[in-house]
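Encoded as structure tokens, the structure appears first; notes follow it.
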Amino acid sequence: QIKREKPENIPELKDLVKEKFTALESKNSDSDLQKNEKYIYFKDQLKEMRKQYNGNETIEQIDEDIAVTQSQMNFICPITQMEMKRPVRNKVCGHTYEEDAILKFIQTRKQQKKKVRCPKIGCSHADVKGSDLVPAEALKRAIDSQNKQ
């Protein structure tokens, strides 16, 4: 079509894709979903989980799993994405980092004459200083304790 048509007569690609997508979307229905192999498998798994657990036991177990996952996540440095060995806590925003990584980060930004924004995603603290950092002793003990297990 592009080879045959004049440039001004060529339809917008975006419009063609949208038109095709709308046509495909209109063919979908709830009855198709009910027959979908993955959807059926997912529903069966949910039913199985309900049978295995009763009431509060499930919620407590899920909460415990979340707590364990959350604590393991806090062991990871937002800069190196590795487990911290010498964690330090930022007194201003409360986030923790691997000591060597944050000090190197601060030094690099200082050489570029730029402020250091907290590397933790979503944090609004925009001026991290070395003097804001204190050893995170409790976190270090928790990491050491988990590694012994």
Side-chain angles (χ1 to χ4, degrees), residues 2 10-30 32-149:
I2 290 173
I10 296 173
E12 187 71 35
L13 183 61
K14 196 175 185 180
D15 294 337
L16 286 174
V17 170
K18 194 173 186 176
E19 188 180 307
K20 197 78 158 166
F21 181 75
T22 306
L24 286 170
E25 196 175 40
S26 67
K27 291 178 186 176
N28 287 340
S29 69
D30 283 346
D32 291 338
L33 180 63
Q34 301 297 331
K35 296 173 195 165
N36 184 291
E37 186 181 314
K38 289 181 181 177
Y39 179 76
I40 293 168
Y41 177 70
F42 177 70
K43 279 186 80 170
D44 289 345
Q45 280 188 313
L46 284 177
K47 284 178 192 171
E48 194 60 38
M49 282 179 68
R50 280 193 193 124
K51 284 179 196 171
Q52 286 178 6
Y53 299 106
N54 54 6
N56 294 340
E57 217 176 291
T58 308
I59 293 165
E60 286 170 16
Q61 182 62 44
I62 290 169
D63 285 348
E64 193 176 303
D65 290 347
I66 289 171
V68 168
T69 304
Q70 187 64 42
S71 67
Q72 288 169 339
M73 291 284 291
N74 291 339
F75 295 170
I76 304 298
C77 172
I79 301 167
T80 63
Q81 294 301 308
M82 295 173 65
E83 186 177 85
M84 294 181 270
K85 292 180 181 21
R86 292 187 1 211
V88 289
R89 187 178 57 79
N90 186 326
K91 292 187 291 188
V92 179
C93 64
H95 292 121
T96 54
Y97 331 95
E98 177 62 46
E99 185 178 29
D100 293 342
I102 190 66
L103 291 175
K104 189 174 182 180
F105 190 51
I106 291 170
Q107 184 182 3
T108 303
R109 298 295 284 177
K110 196 175 186 179
Q111 288 171 349
Q112 298 169 345
K113 299 195 183 332
K114 294 181 179 177
K115 287 184 177 181
V116 178
R117 174 174 221 92
C118 175
K120 186 77 172 171
I121 294 171
C123 183
S124 60
H125 182 49
D127 192 14
V128 178
K129 295 179 178 73
S131 58
D132 295 338
L133 306 174
V134 293
E137 297 296 339
L139 181 58
K140 179 160 179 33
R141 283 194 300 275
I143 293 169
D144 292 344
S145 169
Q146 181 179 304
N147 290 338
K148 284 178 188 171
Q149 294 172 2

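Along the sequence shown, the residues carry numbers beginning at 1.
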Taking C-beta and beyond as the side chain, do Y97 and T80 meet within less than 4.5 Å on heavy atoms?
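The answer is no; the side chains never approach within 4.5 Å.
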T96 side chain near V88 side chain, heavy-atom distance below 4.5 Å
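In short, these two side chains do not touch, never coming nearer than 4.5 Å.
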Are H95 and C123 close enough, and set up right, to give a side chain to side chain contact (heavy atoms under 4.5 Å, CB included), and what steps lead you there?
CA-CA 9 Å; H95 292 121; C123 183; 3.5 Å; yes
Could you list the residues that satisfy side chain to side chain donor-acceptor pair (under 3.5 Å) with E98, not counting sequence neighbours?
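Counting only residues at least two positions away or on another chain, E98 forms no side chain to side chain donor-acceptor pair (under 3.5 Å).
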So, using side chain to side chain donor-acceptor pair (under 3.5 Å) as the criterion, who are the partners of Q107 when residues are at least two apart?
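Counting only residues at least two positions away or on another chain, Q107 forms no side chain to side chain donor-acceptor pair (under 3.5 Å).
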Those residues that, when tested against I40, pass side-chain contact (heavy atoms from CB on, under 4.5 Å) (two or more places apart)
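Per chain and number, I40 pairs via side-chain contact (heavy atoms from CB on, under 4.5 Å) with D44.
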Partners of E37 by side-chain contact (heavy atoms from CB on, under 4.5 Å), sequence neighbours excluded?
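Per chain and number, E37 pairs via side-chain contact (heavy atoms from CB on, under 4.5 Å) with no residue.
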Counting only heavy atoms from other residues, nucleotides and ligands, does the tally under 6.0 Å from CG of L24 exceed 12?
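For L24, atom CG is crowded (more than 12 foreign heavy atoms under 6.0 Å).
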Donor-acceptor pairs under 3.5 angstrom involving side-chain atoms of residues 124-131: please list them, not counting sequence neighbours.
residue : atom : partner : partner atom : Å
H125    : NE2  : D127    : O            : 3.4
D127    : OD2  : K129    : NZ           : 2.7

Which residue is it: T108, I106, D132? I am looking for the one with a side-chain contact (heavy atoms from CB on, under 4.5 Å) to V116.
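With V116 as partner, side-chain contact (heavy atoms from CB on, under 4.5 Å) holds for just one option, I106.
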How long is the gap from CE on M84 to CD1 on I79, to the nearest 0.5 Å?
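It is 9.5 Å, given to the nearest 0.5 Å.
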On a heavy-atom basis, which atom in P87 and which in I143 lie closest, and how many Å separate them?
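Closest approach of P87 to I143: CG-CD1, 4.3 Å.
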Specify the closest pair of heavy atoms between P119 and P78, including all atoms of both residues, with the distance to one decimal.
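In terms of heavy atoms, the two residues are closest at O-CB, 4.0 Å.
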Please, which pairs that meet salt bridge (Lys or Arg N to Asp or Glu O under 4.0 Å) have at least one residue in residues 77-93, sequence neighbours excluded?
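Salt bridge (Lys or Arg N to Asp or Glu O under 4.0 Å) check on residues 77-93 returns R86-E99, R86-D100.
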